[in-house]
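Here's the structure we're looking at; comments come further down.
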Number of protein chains: 2
Amino acid sequence: MRVGELSRRSGVSVASIKYYLREGLLPAGERTSPNQASYDDAHLRRLRMIRALIDVGGLSVVATRDVLAAVDDPGLPLFQALGRASGTTTAPAPEEEPDEAWEQAEQMLADHVAERGWQVTAENPAWHGAVGVLATYLRLGDADLARQLGLYMRTMEEVAEHEVAAVVDRGDRARTVEGVVVGTVLGDTLLAAVRRLAQQHCSLRLLGETPTRRQG
Amino acid sequence: MRVGELSRRSGVSVASIKYYLREGLLPAGERTSPNQASYDDAHLRRLRMIRALIDVGGLSVVATRDVLAAVDDPGLPLFQALGRASGTTTAPAPEEEPDEAWEQAEQMLADHVAERGWQVTAENPAWHGAVGVLATYLRLGDADLARQLGLYMRTMEEVAEHEVAAVVDRGDRARTVEGVVVGTVLGDTLLAAVRRLAQQHCSLRLLGETPTRRQG
DNA sequence: CTCGTTCGGACAGTGCCGCTATCCAATCAC
DNA sequence: GTGATTGGATAGCGGCACTGTCCGAACGAG
């Protein structure tokens, strides 16, 4: 198919498709003549993934490009591809100088990681991200919430265990990586939404407040 | 204190402080003369919250304004304030027409909610958000991951239960709401980062891949 | 073969967002 | 008094994600 049909079938404007081609998110179509190309179902699929990562996952165009590059790299071990998805999802280390709160946060995370026996490397950008959030909690004087860290780690370990298990024995490596990336990025969004629903349920149950529009 | 000191103590430029004042994120200082005002520790604290929500939580300036308005509204029940934080955190319903995937996703979520006995209202924007993500999974042919929904709900219920419990018996209502909002918004970021670390740990453990730079 | 449509490709322009810079008269600190 | 700072208004900037326009080549219905 050519770009017009690709646009019609994906719901993405031709101009945007051209933009994604320029930015390297979408591979070029197969040349049928010096200035003519044709696209296939793989392009359509890729285009749908692009929209999902951008619209639902909230990734930027560059982050999406990097994630997709990891998907495409056949030499990249699954582990690395997953890490790549992390790196681009989590904010890129904003060069924060280590103040008191930062060091306290780092210590707190290190303690919990050691306690749970997690084998994680400090090079994982998520480490930096987690420390940053914890430090922010501490600076706001909200140590209470920083104390939920243990709970978060326990529950996320359970989640990750199922997620990784669900992924190990798929046949096609490319499809597996694709699934991991989508699951990682969209999973964040889904988890956040589900957390909101759970919070509504639990606050109703524990606080006994009824969901009336407004009191008074 | 006046704006210069507020800027020095918060690390936010005077220009940005003026911007936040204009946009209604930061309440005006107390007038000491027709064109002079003074700020106190509450302003400093608020300013730190603004930066946390924007930089760490990833909220937009408008979303931050709305969240803080909910914090300030003393008539708003705690439940509502929390919901308000959800609404602005989750993407604002992008007017999606209900196709087949959408209805299937909605059914799936409704079933799980019924099964767990959650009391949640469809007016909760998180409902719409969750359905949107699930529908996206289905459209991508990634039904596997949509099947993690039960797990996500179970773990998020556990998380929410602890979070709500940790919040119920604080004295000051304003501080409580503040804590809830910060915990909700920053909690998303922290949970995502912790999930990445857990994924690294579990993929190491289950896939047996070692975190080498690259194979070959 | 003709002729209107569509194509790939290049590049300029647009709208929004989160600031940032400049200017002003009034006020403050010394 | 005098030089810095203030509150307030307004204009401008840089980045991002497109979007619009133009071109000459190719396609495809008649």
Side-chain angles (χ1 to χ4, degrees), chain A residues 1-40 43-44 46-68 88-89 91-92 94, chain B residues 1-40 43-44 46-68 88-89 91-92 94:
Chain A
M1 84 191 87
R2 287 189 333 210
V3 87
E5 191 181 345
L6 188 60
S7 167
R8 240 172 292 116
R9 289 224 264 160
S10 65
V12 179
S13 76
V14 172
S16 293
I17 292 176
K18 286 181 174 185
Y19 171 61
Y20 294 147
L21 285 165
R22 272 201 307 283
E23 296 299 314
L25 279 77
L26 193 62
E30 198 189 347
R31 290 286 136 66
T32 62
S33 90
N35 65 346
Q36 212 76 182
S38 83
Y39 307 90
D40 56 18
H43 289 94
L44 185 57
R46 168 61 62 101
L47 206 41
R48 286 204 242 265
M49 259 189 49
I50 292 171
R51 301 306 319 191
L53 295 179
I54 290 178
D55 294 342
V56 183
L59 294 200
S60 71
V61 167
V62 243
T64 305
R65 197 221 306 123
D66 294 348
V67 166
L68 293 176
T88 46
T89 307
Chain B
M1 83 189 89
R2 288 194 328 216
V3 85
E5 192 181 345
L6 188 61
S7 167
R8 240 171 293 114
R9 289 225 263 159
S10 64
V12 179
S13 76
V14 173
S16 294
I17 292 176
K18 286 181 174 185
Y19 170 62
Y20 294 147
L21 286 165
R22 274 202 307 282
E23 297 298 316
L25 279 75
L26 193 63
E30 199 189 347
R31 289 285 137 66
T32 61
S33 91
N35 65 346
Q36 211 77 180
S38 83
Y39 307 89
D40 56 16
H43 289 92
L44 185 56
R46 168 61 64 102
L47 207 40
R48 287 204 241 264
M49 262 192 42
I50 292 170
R51 301 307 318 193
L53 295 178
I54 290 177
D55 294 342
V56 184
L59 294 199
S60 71
V61 167
V62 244
T64 305
R65 195 220 308 121
D66 294 347
V67 165
L68 292 175
T88 45
T89 306

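The figures here come from the full heavy-atom set of this structure, side chains too, leaving out hydrogens, waters and symmetry mates. The model shown is predicted, which means the values in this text are computed figures rather than measured ones.
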Separation of [X] atom [atom1] from [N] atom [atom2], in whole Å?
| X | N | atom1 | atom2 | answer |
| --- | --- | --- | --- | --- |
| A:E5 | C:dG8 | CD | C1' | 17 Å |
| A:I17 | D:dA17 | CD1 | P | 18 Å |
| A:Y39 | C:dT6 | OH | P | 16 Å |
| B:L21 | D:dG8 | CG | C1' | 11 Å |
| B:E23 | D:dA9 | CD | P | 13 Å |

Nucleic acid footprint by protein, nucleotides 25-30 of chain D - heavy-atom cut-off 4.0 Å, B for base, S for sugar-phosphate alone: SSS---
Protein-to-nucleotide contact annotation, 5' to 3' order, nucleotides 17-23 of chain C [B base; S sugar-phosphate only; - none; under 4.0 Å, heavy atom]: -BBB---
Residue B:V3, side-chain heavy atoms: nucleotide from D:dG8, D:dT6, C:dG8 that is nearest: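 Nearest to the side-chain atoms of B:V3, counting from C-beta on, is D:dT6.
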Qualifying residues under salt bridge (Lys or Arg N to Asp or Glu O under 4.0 Å), relative to B:R22, sequence neighbours excluded: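 With neighbours one apart ignored, the set is empty.
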Residues which pass salt bridge (Lys or Arg N to Asp or Glu O under 4.0 Å) with A:R2, listed by chain and number, not counting sequence neighbours: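 In terms of salt bridge (Lys or Arg N to Asp or Glu O under 4.0 Å), with neighbours along the sequence ignored, A:R2 is linked to no residue.
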Residues A:L44, A:Y39; criterion side chain to side chain contact (heavy atoms under 4.5 Å, CB included); working and verdict: CA-CA 8 Å; A:L44 185 57; A:Y39 307 90; over 6 Å; no
For [X] and [Y], work out which heavy atoms get closest and say how close.
| X | Y | answer |
| --- | --- | --- |
| A:R46 | A:L25 | NH1-O, 3.2 Å |
| A:V61 | A:I54 | CG2-CD1, 4.0 Å |
| A:H43 | A:A28 | NE2-O, 3.4 Å |

Interatomic distance, B:L26 atom CG to B:T64 atom OG1 [nearest 0.5 angstrom]: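 Taking CG in B:L26 and OG1 in B:T64, the distance rounds to 12.5 Å.
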Rounded distance (nearest 0.5 Å) linking atom CD1 of A:I50 with atom CG of A:D55: 11.0 Å
Within-4.5 Å side-chain heavy-atom neighbours: B:Y20 and B:R51: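 They are in contact (side-chain heavy atoms under 4.5 Å apart), so the answer is yes.
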What pairs of donor and acceptor atoms, side-chain ones from residues 5-18 of chain B against any protein atom, are under 3.5 angstrom apart with sequence neighbours left out?
{"residue": "B:S7", "atom": "OG", "partner": "B:V12", "partner atom": "O", "Å": "2.7"}
{"residue": "B:S10", "atom": "OG", "partner": "B:L6", "partner atom": "O", "Å": "2.7"}
{"residue": "B:S10", "atom": "OG", "partner": "B:S7", "partner atom": "O", "Å": "3.4"}
{"residue": "B:S10", "atom": "OG", "partner": "B:V12", "partner atom": "N", "Å": "3.2"}
{"residue": "B:S13", "atom": "OG", "partner": "B:S16", "partner atom": "N", "Å": "3.1"}
{"residue": "B:S13", "atom": "OG", "partner": "B:S16", "partner atom": "OG", "Å": "3.0"}

Net bend of the helix from C:dC1-D:dG30 to C:dC30-D:dG1, end axes of five pairs each, nearest 10 degrees: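 Result, rounded to 10 degrees: 10°.
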Residue B:E23 excluded, over 12 heavy atoms near CD under 6.0 Å: yes
